Amino acid sequence: MRKLVIPASPSGTAPFALSVLDNAHTAVGQTAEEALGEVIALARLAERRGYQRFWMSEHHAMPGAATSSPQLMLARLTGETSRIRLGAGGIMLPNHAPLVIAEQFGMLEALAPGRIDLGLGRAPGTDVATASALRRHVDANDGFPQQVLELLGFLGDDFPDGHPYQDIHAVPGPWQAYQNRVPCHETSPETWILGSSPYSARLAGRLGRPYAFALQFGDSDVESALRLYRENFRPSEVLAEPYTLVSVGAIAHDDPAEARRQAASSAMAMLRMFQRRPYSLLPPEEVEAYPASPQEQQVLETYVHHYLNGTGSEVAAGLERLHARTGVDEVMLVVMGHSRQVQARTVELIADHYGLPPH
């Protein structure tokens with residue numbers, strides 16, 4: 001198998017590579033069909049503007065996110081794009097059997113050879129009650145490292161002698177190619193470890209895999225996590241040196257006041273989730289009219305401040321401050337807000353700021 005082909009060169013004039021993550025945000029007043037159509041349009045836009053990769057993440061039971069199965073949408077996007085890397089950022093592995101994920105991403109790799117990323121996380125991607133419906137074992141998280149090793153074994157078809165799954169094979173995959181007397185793919189899905197904690201950082205380092213830190217969820221200690229990843233990194237057959245990505249919520253607009261209004265819509269969705277209410281993206285006007293208590297207002301302001309919002313140059317300045325703090329190799333824009341048009345404008349404005357290719 002080849003070394004992982006991870007673009008280390010910066011995007012345009014940025015001091016880091018640039019990518020996009022879309023959670024198929026489905027705002028109040030928008031259908032799932034409309035939102036998924038906008039996802040396709042955004043993936044095409046990200047490719048035209050020269051972004052490195054386009055990811056989607058797994059969420060369940062959220063009115064504001066239509067991404068219960070990123071792999072289904074990725075299958076569509078393989079036919080809608082031709083260059084950009086496509087991936088799940090991520091698949092919540094304890095929700096699934098590793099063999100099934102290996103089979104699904106083997107199919108995606110066959111559809112778009114050399115363009116598929118497989119990010120693995122251990123959070124349920126939903127509330128506790130829904131997690132219990134997805135995971136029939138309360139200790140599902142505890143087995144995450146073993147699940148990752150099983151998945152890697154299925155993807156490479158290289159379980160050691162005596163392993164209970166030695167004679168079980170993911171199809172498509174290397175075993176199928178051997179049986180059918182055809183060349184095996186020289187590429188395989190790039191497997192990433194995702195997280196926002198020291199646990200995931202150490203695991204990614206020990207496995208010699210690229211590490212993606214999810215900063216959009218709150219003020220986690222990204223510097224310590226990336227330091228632990230680099231300190232624990234062991235070169236592997238697929239990655240010789242540490243490679244890091246940080247995803248961050250971003251809303252850029254020509255009018256900074258509109259960017260803040262859109263950020264407030266996403267902040268309200270987070271507040272609702274903390275209150276055990278559905279994660280819904282309310283219209284900015286409804287958010288502005290909400291009679292927030294002092295405690296609620298503090299939460300809203302915290303998240304509005306946490307999401308990078310403003311003009312393209314203001315958001316870019318925030319990205320560069322993040323890079324200065326962390327030395328991260330790649331930054332992934334998590335498009336936020338109630339308006340899908342504003343999400344697309346975010347991608348455009350950041351591309352313009354860093355001189356990425358025009359349309």
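Because the structure is predicted, anything quoted here is derived from the model rather than measured.
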| Stepwise side chain to side chain contact (heavy atoms under 4.5 Å, CB included) check, Met332 with Val248 | CA-CA 6 Å; Met332 181 167 276; Val248 58; over 6 Å; no

| Within-4.5 Å side-chain heavy-atom neighbours: Phe233 and Tyr211 | no

| More than 12 heavy atoms from other groups under 6.0 Å of CZ on Arg260 | no

| Taking all non-hydrogen atoms of both residues, which atom of Ser339 and which atom of Gln262 are closest, and how far apart? | N-OE1, 2.9 Å

| Val39 side chain near Arg340 side chain, heavy-atom distance below 4.5 Å | yes

| note | Taken to the nearest 0.5 Å, the spacing of Leu319 CG from Glu314 CD works out to 12.0 Å

| field | Heavy-atom side-chain contact between Leu36 and Met73 under 4.5 Å | value | yes

| task | For Phe154 and Ala102, work out which heavy atoms get closest and say how close. | result | CB-CB, 3.6 Å

| said: If you count every heavy atom of other residues, nucleotides or ligands that lies below 6.0 Å from Glu34 atom CD, does the total exceed 12? | reply: yes

| field | Residues Asn309, Val304; criterion side chain to side chain contact (heavy atoms under 4.5 Å, CB included); working and verdict | value | CA-CA 8 Å; Asn309 66 88; Val304 167; 4.1 Å; yes

| query | Can you tell which of Arg53, His323, Gln52 makes a side-chain hydrogen bond (donor to acceptor under 3.5 Å, both in side chains) with Glu330? | reply | Arg53

| said: Less than 3.5 Å apart, any donor N or O on the side chain of Arg115 or Thr81 sitting next to an acceptor on the other? | reply: yes

| query | Under 4.5 Å between any side-chain heavy atoms of Glu285 and Arg261, yes or no? | reply | yes

| message | Heavy-atom count check: over 12 atoms from other residues, nucleotides or ligands less than 6.0 Å from Glu241 CD? | response | no

| Regarding Thr67 and Asn23, is there a side-chain donor-to-acceptor distance under 3.5 Å anywhere? | no

| request: Report yes if some heavy atom in the side chain of Ser11 is under 4.5 Å from a heavy atom in the side chain of Tyr51; otherwise report no. | output: no

| said: Using a 6.0 Å cut-off, check whether atom CE of Met107 has over 12 heavy atoms from anything other than its own residue. | reply: no

| With distance as the sole criterion, is a donor-acceptor pair present between the side chains of Asn95 and Glu58 under 3.5 Å? | yes

| message | Do Ile168 and Leu99 have side chains that approach each other closer than 4.5 Å (heavy atoms only, starting at C-beta)? | response | yes

| said: Please say yes or no: joined through hydrophobic side-chain contacts below 4.5 Å, possibly via intermediate residues, are Leu120 and Leu72 part of one cluster? | reply: no

| said: Any non-hydrogen side-chain atom of Pro10 less than 4.5 Å from a side-chain atom of Phe16? | reply: no

| said: Tell me if the CZ atom of Arg76 is crowded by more than 12 foreign heavy atoms within 6.0 Å. | reply: no

| query | Passes side chain to side chain contact (heavy atoms under 4.5 Å, CB included), Leu333 versus Leu308? Steps please. | reply | CA-CA 10 Å; Leu333 307 177; Leu308 300 179; over 6 Å; no

Which pairs would a plain distance check flag for residues 155-165, meaning a side-chain donor or acceptor within less than 3.5 Å of a matching protein atom at least two apart in sequence or in another chain?
{"from": "Asp157", "atom 1": "OD1", "to": "His169", "atom 2": "ND1", "distance (Å)": "2.7"}
{"from": "Asp161", "atom 1": "OD1", "to": "Gln166", "atom 2": "NE2", "distance (Å)": "3.1"}
{"from": "His163", "atom 1": "ND1", "to": "Tyr165", "atom 2": "N", "distance (Å)": "3.0"}

| Which atom names give the shortest non-hydrogen contact between Glu103 and Pro172, and what distance separates them? | O-CD, 3.9 Å

| message | Measuring only between side-chain heavy atoms, which start at C-beta, is Ile116 closer than 4.5 Å to Phe105? | response | yes

| message | I need the minimum non-hydrogen distance between Val334 and Ser247, along with the two atoms involved. | response | CG2-CB, 3.7 Å

